[in-house]
*Asks:* 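Sending over a structure as structure tokens; questions will come in a sec.
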Amino acid sequence: MAPKRNYWLIKSEPEVFSIQALRRDGKTHWEGVRNYQARNHLRAMRTGDLVLFYHSNAEPPGVAGVARVCREAYPDSSQFDPRSDYYDSASKPEDPRWSLVDVEFVEELPELVPLDVLKEDERLDGMLVRKRGMRLSVQPVEREHFARVLKLGKGKTKV
DNA sequence: GCCAACGTTGGC
DNA sequence: GCCAACGTTGGC
């Protein structure tokens with residue numbers, strides 16, 4: 001039996017990096033996570049895990065596409081670069097504080113699934129992104145919720 | 001270890 | 001642009 005695949009949601013501001021940018025680039029280093037809970041989720045990701053790509057600070061905010069983990073967590077080099085916005089002077093190379101994963105493009109959903117649709121759908125009860133004040137930028141998603149979001153966006157990814 | 005102050009996120 | 005919610009920092 002194949003190892004259990006896990007499902008996730010990652011947030012990105014489309015003006016900074018959108019699902020269209022991921023399609024253009026093919027894959028990317030998911031750098032800049034500077035929150036411990038989000039980092040721990042990154043470290044729990046396994047190659048092949050599928051990820052909902054969520055556009056935050058967008059009009060409207062919502063799930064725009066799907067990505068796949070293509071390299072598991074390793075140190076985020078931007079934490080050691082004093083010129084980087086993500087520089088962390090307290091992080092030591094011998095014990096890196098922050099990790100990143102690489103993700104690759106899977107698909108852009110034919111229809112963006114807006115946050116208000118996520119909130120209205122009773123089959124998505126309990127989904128973290130619906131919670132008020134939920135700022136976590138890397139979230140676990142239940143398989144059933146993942147499949148439902150794909151259906152709402154008419155995604156073709158096989159779950 | 002408490003908690004006020006501060007900075008950031010992100011919906012609206 | 002506003003501001004609620006949240007995480008982090010630092011004085012004590």
Side-chain angles (χ1 to χ4, degrees), chain A residues 6-25 27-45 49-69 73-103 105-142 144-146 148-155:
Chain A
N6 288 310
Y7 301 88
W8 310 92
L9 178 148
I10 57 179
K11 296 180 186 174
S12 184
E13 300 191 23
E15 291 198 3
V16 178
F17 193 79
S18 65
I19 188 70
Q20 292 81 16
L22 182 60
R23 180 176 54 198
R24 178 196 65 211
D25 296 348
K27 64 177 182 174
T28 193
H29 308 299
W30 203 257
E31 69 173 10
V33 168
R34 294 294 181 270
N35 168 283
Y36 288 104
Q37 205 177 345
R39 180 205 67 181
N40 292 343
H41 290 317
L42 288 180
R43 289 180 176 177
M45 289 181 176
D49 283 0
L50 291 172
V51 181
L52 296 173
F53 196 108
Y54 181 89
H55 283 174
S56 61
N57 261 321
E59 187 49 53
V63 175
V66 180
R68 184 189 297 112
V69 177
Y74 59 103
D76 181 346
S77 60
S78 67
Q79 69 195 302
F80 304 124
D81 179 1
R83 292 161 302 175
S84 170
D85 289 343
Y86 303 127
Y87 179 58
D88 181 353
S89 61
S91 182
K92 299 294 167 238
E94 61 272 21
D95 184 23
R97 181 178 288 181
W98 305 112
S99 300
L100 56 72
V101 298
D102 292 355
V103 298
F105 177 79
V106 175
E107 70 167 326
E108 179 178 355
L109 294 180
E111 296 176 26
L112 181 126
V113 185
L115 180 59
D116 57 6
V117 171
L118 297 176
K119 285 183 172 176
E120 284 165 7
D121 193 306
E122 64 182 19
R123 296 174 69 165
L124 296 176
D125 283 354
M127 199 176 175
L128 287 175
V129 74
R130 310 196 332 171
K131 289 178 71 175
R132 189 166 126 89
M134 171 50 69
R135 302 189 311 178
L136 189 61
S137 61
V138 182
Q139 305 174 4
V141 173
E142 291 173 26
E144 293 73 20
H145 290 165
F146 193 100
R148 178 62 177 166
V149 172
L150 279 184
K151 191 167 186 181
L152 291 170
K154 297 182 169 51

*Asks:* What does the 5'-to-3' dot-bracket notation of DNA chain B look like when only Watson-Crick and G-U wobble pairs under 3.5 Å count, and pairs to other strands show as |?
*Replies:* ||||||||||||

*Asks:* Looking only at heavy atoms, what is the nearest atom pair of A:Ala73 and A:Leu42, with distance?
*Replies:*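 What the structure gives for the nearest pair is CB-O, 4.0 Å.
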
*Asks:* Got a second to check how far A:Ser12's OG is from A:Trp30's CH2, nearest 0.5 Å?
*Replies:*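 If I round to the nearest 0.5 Å, the distance is 4.0 Å.
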
*Asks:* Which is more 5' along DNA chain C, the nucleotide nearest A:Asn57 or the one nearest A:Met134? Just name the residue.
*Replies:*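 This one resolves to A:Asn57.
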
*Asks:* Restricting to side chain to side chain contact (heavy atoms under 4.5 Å, CB included), what partner residues turn up for A:Pro61, sequence neighbours left out?
*Replies:*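 Per chain and number, A:Pro61 pairs via side chain to side chain contact (heavy atoms under 4.5 Å, CB included) with A:Tyr54, A:Leu115.
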
*Asks:* Going by side chain to side chain contact (heavy atoms under 4.5 Å, CB included), name the residues that satisfy it together with A:Ala38, two or more places apart in sequence or in a different chain.
*Replies:*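 Residues passing side chain to side chain contact (heavy atoms under 4.5 Å, CB included) with A:Ala38: A:Val33, A:Asn35, A:Leu136, A:Ser137, A:Val138.
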
*Asks:* For DNA chain B, find the residues of residues 115-127 of chain A with a heavy-atom distance under 4.0 Å and give them by number; none if there aren't any.
*Replies:*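 A:Leu115, A:Lys119 - these, ordered by number, are the residues of the stretch whose heavy atoms sit under 4.0 Å from the strand.
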
*Asks:* Establish, from distance only, whether the side-chain atoms of A:Tyr86 and A:Asp81 form a donor-acceptor pair under 3.5 Å.
*Replies:*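 No - no donor-acceptor pair under 3.5 Å links their side chains.
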
*Asks:* By side-chain hydrogen bond (donor to acceptor under 3.5 Å, both in side chains), which residues pair with A:Asp125, not counting sequence neighbours?
*Replies:*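 Counting only residues at least two positions away or on another chain, A:Asp125 forms a side-chain hydrogen bond (donor to acceptor under 3.5 Å, both in side chains) with A:Arg130.
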
*Asks:* Applying salt bridge (charged side-chain N to carboxylate O under 4.0 Å, His left out), name anything that partners A:Asp88, two or more places apart in sequence or on another chain.
*Replies:*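 For A:Asp88 the salt bridge (charged side-chain N to carboxylate O under 4.0 Å, His left out) partners, ignoring immediate neighbours, are A:Arg97.
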
*Asks:* Taking atom types as modelled, is there a side-chain donor on A:Arg135 or A:Ser56 under 3.5 Å from an acceptor on the other?
*Replies:*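 Note: A:Arg135 and A:Ser56 side chains miss the donor-acceptor criterion.
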
*Asks:* Looking at A:Glu94, I want to see if its CD is surrounded by more than 12 non-hydrogen atoms of other residues, nucleotides or ligands under 6.0 Å.
*Replies:*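 Counting neighbours around CD of A:Glu94, more than 12 heavy atoms of other residues, nucleotides or ligands fall under 6.0 Å, so yes.
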
*Asks:* Checking A:Val117 now: which residues fulfil side chain to side chain contact (heavy atoms under 4.5 Å, CB included) with it, not counting sequence neighbours?
*Replies:*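 A:Val117 satisfies side chain to side chain contact (heavy atoms under 4.5 Å, CB included) with A:Val113, A:Pro114, A:Leu152 once adjacent residues are dropped.
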
*Asks:* Under 3.5 Å, which donor-acceptor pairs do the side chains of residues 14-23 of chain A form with other protein atoms, sequence neighbours left out?
*Replies:*
residue, atom, partner, partner atom, Å
A:Ser18, OG, A:Gln20, N, 3.3
A:Ser18, OG, A:Gln20, OE1, 3.2
A:Ser18, OG, A:Ala21, N, 3.1
A:Gln20, NE2, A:Glu108, OE2, 2.8
A:Arg23, NH1, A:Glu108, OE1, 2.8
A:Arg23, NH2, A:Glu108, OE1, 3.4

*Asks:* Who pairs with A:Asn6 by side chain to side chain contact (heavy atoms under 4.5 Å, CB included), at least two apart in sequence or on another chain?
*Replies:*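 Here the qualifying residues are A:Lys4, A:Trp8, A:Asp49.
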
*Asks:* Working note: A:Met134 + A:Gln139, criterion side chain to side chain contact (heavy atoms under 4.5 Å, CB included); need CA distance, chi angles, decisive distance, verdict.
*Replies:* CA-CA 10 Å; A:Met134 171 50 69; A:Gln139 305 174 4; 3.3 Å; yes

*Asks:* Between the protein and nucleotides 7-11 of chain C, are there any N/O to N/O pairs under 3.5 Å, and if so, what are the atom names and distances?
*Replies:*
residue, atom, partner, partner atom, Å
C:dG7, O4', A:Arg135, NH2, 3.2

*Asks:* Under the 3.5 angstrom rule, does the side chain of A:Gln79 hit a backbone N or O of A:Pro96 as a donor-acceptor pair?
*Replies:*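 Side chain of A:Gln79 to backbone of A:Pro96: no pair is present.
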
*Asks:* N/O contacts under 3.5 Å, protein versus nucleotides 1-4 of chain B?
*Replies:*
none

*Asks:* Is there a residue in residues 77-85 of chain A whose heavy atoms reach under 4.0 Å of DNA chain B, and which residues are they?
*Replies:*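 Going residue by residue through residues 77-85 of chain A, none turns out to have a heavy atom under 4.0 Å of DNA chain B.
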
*Asks:* Suppose we call two aromatic rings close when their centres sit under 6.0 Å apart. Are A:Trp98 and A:Tyr36 close by that rule?
*Replies:*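 Ring-ring flag for A:Trp98/A:Tyr36: true, centres closer than 6.0 Å.
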
